[in-house]
Amino acid sequence: MTHSNPKDSFVPSATPSTWLGVMGGGQLGRMFAHAAQAMGFKVAVLEPSEDCPAGHAADHLLVAGYTDAAALAELGAQCAAVTTEFENVPADSLARLAAQAFVAPSASAVSVAQDRLAEKHFFTECARQSGVLPAPHQAIASDADIDALPDALFPGILKTVRMGYDGKGQVRVASRDEARAAFAKMNGVTCVLEKMLPLAYEVSVLAARGADGEAVVYPIAENVHRDGILFTTTVPGPNVSADCAARAQAAALEIIARLDYVGVLCVEFFVLQDGTLVVNEMAPRPHNSGHYTIDACITSQFAQQARAMARLPLGDARQHSPAVMLNILGDLWFEPGSDTPREPAWERVLDLPGANLHLYGKDDPRRGRKMGHVTFVAPTLADAQQHFEQACRILGIAA
Ligand code: ATP
Ligand code: MG
């Protein structure tokens, strides 16, 4: 292990203040700031745009590009520890910050998650222990690579190796000809062709690991996507067996340990119709499917992120209430089927038992833009689901 002594933790202090830094100004940085501030830390955010969700919550916003040397030096000098809230943060910037501050997760761990091929290679190594493999796939850097693909990989999905998110940067291809046409439109970037698998449902597992190597794992979450964007997360997942949960949690723990990771990591999996568990991808940060932890777990994923980077003991990952998390997209600010603006009826949603509203302070709702989420917690999952369904009716969302 290359970490400094984990006992050497950054305890919140007022004189002088202990600062935690975050690269990126989105909603994940905002919710991190709220959790870190609740523990007494001050939070600095580095982000290119002044009007950003995390900037409104941070104690200090550095408006600068992610590779701006002066801004990185300022963040590194101000903060005891720095983390990231998005996976495409330049790994070089994290490496540079590491000369001045404790950086968690490390540049090397983040760079594996930034590259689908490196990630799948790494997952394949982990599978020797966990038995959980990624989807069959091949790298595509040229037309010749497409010619050489085995027929068994079709129908497939062509994904860019870097910079994909929310289903962007990927095209479903039924045949080799379609793969050629799709690859031609990718502007020459390296891609991976993955076999299209018969999914029964999708799950994710959050894990956190401290600098001392201690790890905790959250309950498995069942996720439903719509148009490539997460729609709901339900915990406990109605389809998830105890055996599937145990295998996915063990695989996530194997991944986080083998990466020598410090911080919060989310691993996404597919469960196939025959019950096979397949590892899809990982996010080196808190994750949208972990937002339920704010309202339903003893320690939220954001409080856990603050603890891990401050080298404090990790918190209890146990869930205290069943939960359904509903993502709120900008579409809700328009009358259904028209461009007439409206305000969602939050007063009616908040009247439902166990409803907790989280809005990210974005004042420009656009279709498909993540504006917030609502988590429904209840003594039983059936109650939480019922309140979620009522909210969908109020908001005009097909449940
Ligand atoms: P995000 O960052 O939002 O998680 P992404 O753009 O990185 O998404 P993936 O998670 O790889 O992309 O894929 C998005 C969705 O497409 C998956 O959640 C799944 O529903 C579907 N999908 C991806 N790969 C496959 C596959 N090999 N077989 C079947 N469905 C797939
Ligand atoms: Mg995904």
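Counting starts at 1 for both ligands and their atoms, in listed order.
Remark: side-chain polar atoms of Gln273 are not paired, donor with acceptor, to backbone N or O of Leu197 under 3.5 angstrom.
At a heavy-atom distance under 4.0 Å, no atom of Leu230 approaches ligand 1. Counting heavy atoms under 4.0 Å from ligand 1, residue Glu87 does not touch it at all. Only the side chain of Lys159 comes within 4.0 Å of ligand 1, counting heavy atoms alone; its backbone N, CA, C and O stay farther away. Of all the heavy atoms of Ile229, none lies under 4.0 Å from any atom of ligand 1, so neither backbone nor side chain is involved.
Ligand 1 lies within reach of Arg116, whose nearest heavy atom is under 4.0 Å from it.
No single ILVMFWY cluster, assembled from side-chain heavy atoms under 4.5 Å apart, contains both Leu153 and Leu117.
Contact atoms of ligand 1 toward Glu268: 4 (O), 10 (O) (distance under 4.0 Å to a heavy atom of the residue). Listed by number with element, the atoms of ligand 1 under 4.0 Å from a non-hydrogen atom of Met196 are 28 (N), 29 (C). Near Asn280, meaning under 4.0 Å from any of its heavy atoms, are these atoms of ligand 1: 9 (P), 10 (O), 11 (O). Using a 4.0 Å cut-off to heavy atoms of His225, the atoms of ligand 1 that qualify are 18 (O). Atoms of ligand 1 lying under 4.0 Å from any heavy atom of Arg172, numbered from 1 in the order shown and given with element: 16 (O), 21 (C).
Contact record, Val203 with Glu222: CG1-CA, 4.2 Å, taken as the closest heavy-atom pair.
Figure legend: cation-pi geometry between Arg30 and Tyr360 absent, as NZ or CZ is not positioned both under 6.0 Å from the six-membered ring centre and within 45° of its axis. By the 6.0 Å and 45° rule, Arg342 does not stack over the aromatic ring of Phe334.
Within a 6.0 Å radius of NE2 in His320, more than 12 heavy atoms belonging to other residues, nucleotides or ligands are found.
Among the atoms of Ala135, none of the N or O lies under 3.5 angstrom from an N or O of ligand 1. The shortest N or O to N or O distance between His287 and ligand 1 is not below 3.5 Å.
Taking the six-membered ring for Trp and thresholds of 30 and 60 degrees, Phe102 and Phe10 have ring planes inclined between 30 and 60 degrees apart. Taking the six-membered ring where tryptophan is involved, the planes of His60 and Trp19 are perpendicular, since the angle between them exceeds 60° and thus also 30°.
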Determine, step by step, whether Phe86 and Tyr66 satisfy the ring-ring contact (aromatic ring centres under 6.0 Å, His included) criterion, reporting the C-alpha distance in whole Å, the side-chain angles of both residues, the deciding distance to 0.1 Å, and the verdict.
CA-CA 11 Å; Phe86 70 117; Tyr66 298 126; 4.7 Å; yes
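Scanning Arg226, Glu281, Gln170 for the heavy atom closest to atom 15 (C) of ligand 1 points to Gln170.
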